[in-house]
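Some notes on the structure that comes next.
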Amino acid sequence: MGRGRADGKPRKRLVIPVIVLVIVGAFFYLYSRDSGSSSIEYGSKSLTFGGDESAIPKTIPVCDDRLSELIPCLDRNFIYQTRLKLDLTIMEHYERHCPMPERRYNCLIPPPPGYKIPIKWPKSRDQVWRANIPHTHLATEKSDQRWMVVKGEKIVFPGGGTHFHYGADKYIASIANMLNFPNNIINDEGRLRNVFDVGCGVASFGGYLLSSDVIAMSLAPNDVHENQIQFALERGIPAYLGVLGTLRLPYPSRSFELAHCSRCRIDWLQRDGILLLELDRLLRPGGYFAYSSPEAYAQDEEDRRIWRQMSALVGQMCWKIAAKKNQTVIWVKPLTNDCYLKREPDTHPPLCSPDDDPDAVWGVKMKACISRYSDQMHKARGSGLAPWPARLTTPPPRLADFNYSTEMFEKDMEYWHQEVVNYWKMLGNKIKPETIRNVMDMKAHLGSFAAALKDKDVWTMNVVPENGPNTLKIIYDRGLLGTVHNWCEAFSTYPRTYDLLHAWGIFSDIIEKECSPTDLLIEMDRILRPKGFVIVHDKRSVVVFIKKFLPALHWISVATSNLEKDSSQDKDDAILIIQKKIWLTSESIRVSE
């Protein structure tokens, strides 16, 4: 008993501090959840312009470090938590599934530990900082294919791929040779400009096309090949997160001269060939599909069976073999509707219904049918586009679909040329030739902002809002790239992937749609690289309100124009140029040190 009583007091003294520690630990746990990894209802709390300005936050919480690569509409954790019933066999789990406003994170995405300002283009094509994308799985898994190699603090890209171990440049030249293009140059004297690379890996194929004045939309899902698209964008190569699943890809019909699949692991025969028919929708008259895969050359029975069935399918689609050599086959589409109209009745795949709009893509299901050419394309025996670079400034035939005249097109070009000159003057010494590489025009209209950047070493993701005129086909017809998007939702990209965001009128549009401008500001911060720029060009009252959010977002004002109301000014719009500060969490600082 005596020993028992003697042990009792020390235990009591020990219990009290333990209880205190548990309470304190619980407090910090709840605090960290509120400031980071938990879902916070901010849709209902978001501010609208003209509301209570005293509610403008002095600070916005920083998300948990585990969210440094969050893509809100492609978040597998969200899918697991909400138990969405998705068909994995047709890739529904890799399509967009956006959280409702009450489940969104109302916080700023932190950079990973040790984050550095990205290496500048063109060096970035071949190397990136390892700390910025700390994933080396592909370097091990694809070591024999020379996708990427870890070298100290950097990840290096030798230019290899699954079917081009000796380099993308040699592989590209071989495709040009197969098609008898002059001097084995893939651009075919400017006639081939837009390429779609499906299952692109780390986008070395697209990266090596750029030197030939060919631009590729490199597409891959957020799948087990972790962070492929993040590597591509970090390298300064155009790329987009997406998948051939159940929905049409967010690109208009007749957008690409060449589609490419190098061992992209896609079952092209599934669901009556619906995925191949989606490629057909995207290809221009006379467009090519370059397919490098075992089915094109292997002799085992399974590969030969797939080849026979695929050959039969593309034959019914009126495709023909343009060239076949070693591991690669290249098919070509017809120039007109003649072949389609000569097919036997009830031939599959059928022609799409005449009332089907092949350019309607946002949230539209894929269709297992052939999209016939417009009367204009059929009569012209092709797209009627000028060769690059004249294509950029030549009014395309599809301009008539919007009742836009050549004069309107030229005035739009002149307007945006002057605006870009003004923007760069406002940026002053903040910007050098190599400062910016990845640009996003959040409301691109005809693509003239991107066209005005033609003499700068940049590429532009031209975004056309889903509820406006579907002018994205004009943008592609000018030899540019882009996508359709709804800015009430998060964009399909990784954090820290763009150097410049051009927000022309987009906040006014968001207000009109009764979505949250605050949500959009937080999303823009997610997309923007540290030290990157935002150009806000909108109504004066809107720009004035946005300026009040800068401290909370860790953004600074670089320059303004027409922000103060002046009776001598006819225009009601104003310009605010912003730069995002580079900031690190305590964990990032600890690792960096």
Separation between [atom1] of [X] and [atom2] of [Y], rounded to the nearest 0.5 Å:
| X | Y | atom1 | atom2 | value |
| --- | --- | --- | --- | --- |
| D197 | I237 | CG | CD1 | 10.5 Å |
| N222 | C73 | CG | SG | 12.0 Å |
| I522 | I527 | CD1 | CD1 | 12.5 Å |
| W487 | D519 | CH2 | CG | 13.0 Å |
| L472 | L480 | CG | CG | 10.0 Å |
| S405 | E407 | OG | CD | 5.5 Å |

[X] (side chain) donor-acceptor with [Y] (main chain) under 3.5 angstrom:
| X | Y | result |
| --- | --- | --- |
| R478 | L446 | yes |
| D188 | G190 | no |
| R284 | R254 | yes |
| N462 | D441 | no |
| T82 | F78 | yes |
| R281 | L249 | yes |
| D272 | I274 | no |
| N194 | Y476 | yes |
| E95 | T246 | yes |

message = Show, in sequence, the C-alpha distance, side-chain angles and deciding distance for R193 and D477, and conclude whether the salt bridge (charged side-chain N to carboxylate O under 4.0 Å, His left out) test is met.
response = CA-CA 10 Å; R193 166 64 180 172; D477 285 354; over 6 Å; no
In chain order, what residues pass the ring pair (Phe, Tyr, Trp, His ring centres under 6.0 Å) check against [X], with sequence neighbours excluded?
| X | result |
| --- | --- |
| W459 | Y498 |
| Y415 | none |
| Y240 | F491 |
| H97 | none |

Quick one: are [X] and [Y] in side-chain contact, heavy atoms under 4.5 Å?
| X | Y | answer |
| --- | --- | --- |
| L244 | E278 | yes |
| I578 | V536 | yes |
| F507 | K539 | no |
| R235 | S204 | yes |
| Y494 | I229 | yes |
| W268 | C261 | yes |
| V484 | Y251 | no |
| Q228 | C200 | no |

task = Answer yes or no: are there more than 12 heavy-atom neighbours, outside K379 itself, under 6.0 Å from its atom NZ?
result =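 At most 12 heavy atoms, drawn from other residues, nucleotides or ligands, come within 6.0 Å of this atom.
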query = Do other residues, nucleotides or ligands put more than 12 heavy atoms under 6.0 Å from the CZ atom of R271?
reply =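 Yes.
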inquiry  = With side-chain contact (heavy atoms from CB on, under 4.5 Å) as the criterion, how do L233 and N438 come out once you've worked through the C-alpha distance, each side chain's angles and the decisive distance to 0.1 Å?
reply    = CA-CA 8 Å; L233 290 166; N438 299 354; 4.2 Å; yes
My understanding is that only residues two or more places apart in sequence, or in another chain, count here; which of them pass side chain to side chain contact (heavy atoms under 4.5 Å, CB included) with [X]?
| X | result |
| --- | --- |
| I436 | W424, I431, V439, V458, D499, L500, F533 |
| L528 | L501, V534, K580 |
| A216 | V195, L209, S218 |
| C369 | P350, C352, K367 |

ask   = Taking only residues at least two apart or on different chains, which pairs with a member in residues 387-397 satisfy side chain to side chain donor-acceptor pair (under 3.5 Å)?
value =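 Found E257-R391.
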request  = May I have all residue pairs that pass side chain to side chain donor-acceptor pair (under 3.5 Å) and include part of residues 463-474, sequence neighbours excluded?
outcome  = D359-K473, D401-K473, E466-K513
Is there a donor in the side chain of [X] and an acceptor in the side chain of [Y], or the other way round, less than 3.5 Å apart?
| X | Y | value |
| --- | --- | --- |
| T328 | S292 | yes |
| S353 | D355 | yes |
| Q376 | R398 | no |
| S492 | R96 | yes |

message = Between S448 and D412, does the side-chain hydrogen bond (donor to acceptor under 3.5 Å, both in side chains) criterion hold? Intermediate values first, please.
response = CA-CA 7 Å; S448 293; D412 188 68; 2.5 Å; yes
task = Step by step, work out the salt bridge (charged side-chain N to carboxylate O under 4.0 Å, His left out) result for R496 and E234.
result = CA-CA 9 Å; R496 302 171 301 279; E234 184 77 6; over 6 Å; no
message = Check for me whether the distance between the ring centres of H502 and F449 falls short of 6.0 Å.
response = yes
ask   = Does the ring centre of H260 sit less than 6.0 Å away from the ring centre of Y171?
value =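 Yes, the ring centres sit under 6.0 Å apart.
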ask   = Step by step, would you call E189 with R191 a salt bridge (charged side-chain N to carboxylate O under 4.0 Å, His left out)?
value = CA-CA 6 Å; E189 299 183 330; R191 288 182 287 271; 3.4 Å; yes
Contact summary for L247 and M366, nearest pair of heavy atoms =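 Answer, listing the atom of L247 first, then M366: O-CE, 3.2 Å.
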ask   = What residue pairs, at least two apart or across chains, pass salt bridge (Lys or Arg N to Asp or Glu O under 4.0 Å) with a residue in residues 444-457?
value = R437-D457
request  = Not counting sequence neighbours, list each pair that qualifies as a salt bridge (Lys or Arg N to Asp or Glu O under 4.0 Å) and has a residue in residues 331-340.
outcome  =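 Residue pairs with at least one partner in residues 331-340: D280-K333.
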request  = Please work out which of the three classes, parallel, tilted or perpendicular, describes the rings of Y423 and H537, given edges at 30° and 60°.
outcome  =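 Ring orientation, 0 to 90° scale: perpendicular.
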inquiry  = I'd like to know whether H485 forms a ring-ring contact (aromatic ring centres under 6.0 Å, His included) with W362, so could you lay out the CA-CA distance, the side-chain angles of the two residues, the decisive distance to 0.1 Å, and finally the verdict.
reply    = CA-CA 7 Å; H485 185 63; W362 187 254; 5.6 Å; yes
Option from F289, Y288, F196 for which ring pair (Phe, Tyr, Trp, His ring centres under 6.0 Å) with F256 holds = F196
